[in-house]
Amino acid sequence: MRELMARRVNLLGAATIAAALLLWEAAIHVGLLTFTYLPPPSDIANGFSELLSTGELQENLWHTLSAAVSGWLMAAVIGVSAGALLGLFRPLWRYSMASVEALRALPVVAFVPIAVLLYGFTKEMEIVVACYAAVWPILLNTFAGMRGLDTRLREVGHVLGLGRAAAFWKLQLPAATPAIMVGLRLGLSISVVLTLVAEMVGNPAGLGFALVQAGQALQPEQMFAYVVVIGVSGIVLNTVLMAIARGVFRGQMAAAGDAA
Amino acid sequence: MPVHADQKSAAVPSFTCENLQVTLVGAAGANVILDGIDLTVARGEFVSVLGPSGSGKTTLLRVLGGLQEKSGGTVRSADAPVEGPPADVVTVFQDYSHSLLPWRSVRRNVALGIESKLTKPECAERVAEALTMVGLQESADEYPWRLSGGMQQRVQIARALAMRPSVLLMDEPFGALDAMTKASLQDQLQRVQELTGTTVVFVTHDIEEAVYLSHRVLVLEGRPAHVGLDLAIGLPSPRDQITTKESPEYLALRHRVYEAMGHGKRHA
């Protein structure tokens, strides 16, 4: 039990981060680092509490995360169902493979100006961009997971008299769950990134815009505070997703060696 | 004489093959694997299929189980021609770890084939019964990949038994297990077969196992393979790992099968 707690908290890892921060702080005070706009961690902490006290941070954080997560949720529904359909029906894949490959290869950033044109400077635009970015890894991983069903398991289904529908729900989909989870995790981080990009170059709102604004206002301590918040929220989102997955798909995740 | 006097409908055999031919298409083109197979498996009979590796034992089993198409002749399961897996025939595969659903507990693995056909209490009862037959009641809530190889194979056998099949097709089910586990599973299978009267077609490369368990042993030979030897094993049941294997009858039968497999004289 103690070991488990220790692993969860990872004291050594935390100590490394603390040491790096101390080093950073010291290097600036001693004069080793002399960038004009590189604040020491203590200033960043001040910037953070300023943003917190005005409520700016919470507002921007909520804006960005709600957009990213909504986009990602849409992508999850679209990506998993489309990936499952493509995995189930071969002809469908043959017709759409070229389009999927082409669209996937297009850098999503290039899609942002188009989304701005279509949806204007709105939160909807951010959601659409996040969704578009996240849908590809989710779709392709779902597809691969569905196709990757062991021939033996397929035969087990035949032998035990499982029909097509039962084989899908009881064999193919659960067998694809670890692959789908990989897609969902990739999709989640990509949707956060693209939401930020959409805010930096499109809709002037949320963490992305606040970050750019702080930079332009020559407030590096606020800028760095935002960077830290963005980083931490990415980690938190991923942790929450994995915790949910372990709860809901206990067997699949344990079998894939993820929660054992 | 096979030792299964108490069978009711012995009139309708579990399987009848006439002039069966099977062609597999591989990288090097079509390959006739089995040709001219005539075979009848009586209800309640335990038949083992032996043969050198690559002789088509597994292919024969897959054809009986409806997992492989034939290219000629006829195959009938009970009264009906085999087209896809027959309803009351269940195949048990050698690779248990790939045949079990790793995300389902042992209990839910065993329930897989019956859960949508029965009510919940009926299903639970059948699962419990099948697990008891293979002695796995205590591991019901464990995940299969946490179990030993022998236990995993018992889960697969329990899953097959839960279907209450009239025929079990077993493809080298104990091939990947150590000698001790193998012996105890052989005896368990023997007991279950006697208890349920299930017909068993058992593919193995282990001559001793075939003679020990079966009412009849078939040896495939030639390329394409045909039935080279069809030998009734008239040993009394129940059989015992020590006394049966020391009896002169067992040794004589074992001798004949080894010879049919090409041992003793020369080795191919």
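First the proteins, then the strands, lettered A, B, ... as listed; each starts at 1.
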Check whether any side-chain heavy atom of [X] sits under 4.5 Å from a side-chain heavy atom of [Y], and report yes or no.
X         : Y         : answer
Pro174(A) : Arg104(B) : no
Thr91(B)  : Glu155(A) : no
Val156(A) : Phe93(B)  : yes
Met163(B) : Leu160(A) : yes

Look at atom [atom1] of [X] and say whether more than 12 heavy atoms of other residues, nucleotides or ligands are closer to it than 6.0 Å.
X         : atom1 : value
Glu59(A)  : CD    : no
Tyr119(A) : OH    : no
Glu101(A) : CD    : yes
Gln58(A)  : CD    : yes

Contacts of residues 23-33 of chain B with chain A (heavy atom under 4.5 Å):
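Listed by number, there are no contacting residues, so the answer is none.
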
Minimal non-hydrogen separation, Trp103(B) against Leu153(A), with atom names:
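Distance-wise, the nearest heavy atoms are CH2-CD1, 4.1 Å.
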
Identify the two heavy atoms, one from Arg152(A) and one from Arg62(B), that lie closest to each other, and give their separation to 0.1 Å.
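Closest heavy-atom pair between Arg152(A) and Arg62(B): NH1-NH1, 4.1 Å.
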
Considering only heavy atoms, which portion of [X] lies under 4.5 Å from any heavy atom of chain A: side chain, backbone, both, or neither?
X         : value
Glu115(B) : side chain
Pro102(B) : both
Ile114(B) : neither
Val89(B)  : backbone

Is it the backbone or the side chain of Ala166(A) that comes under 4.5 Å from a heavy atom of chain B, or both, or neither?
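Looking at Ala166(A), nothing touches chain B.
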
Answer with side chain, backbone, both or neither: which region of Leu162(A) has an atom nearer than 4.5 Å to a non-hydrogen atom of chain B?
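Leu162(A) touches chain B through side-chain heavy atoms alone.
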
Could you tell me which of Gly113(B), Ala87(B), Pro86(B) has the largest number of non-hydrogen atom pairs under 4.5 Å with chain A?
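Option with the greatest count: Gly113(B).
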
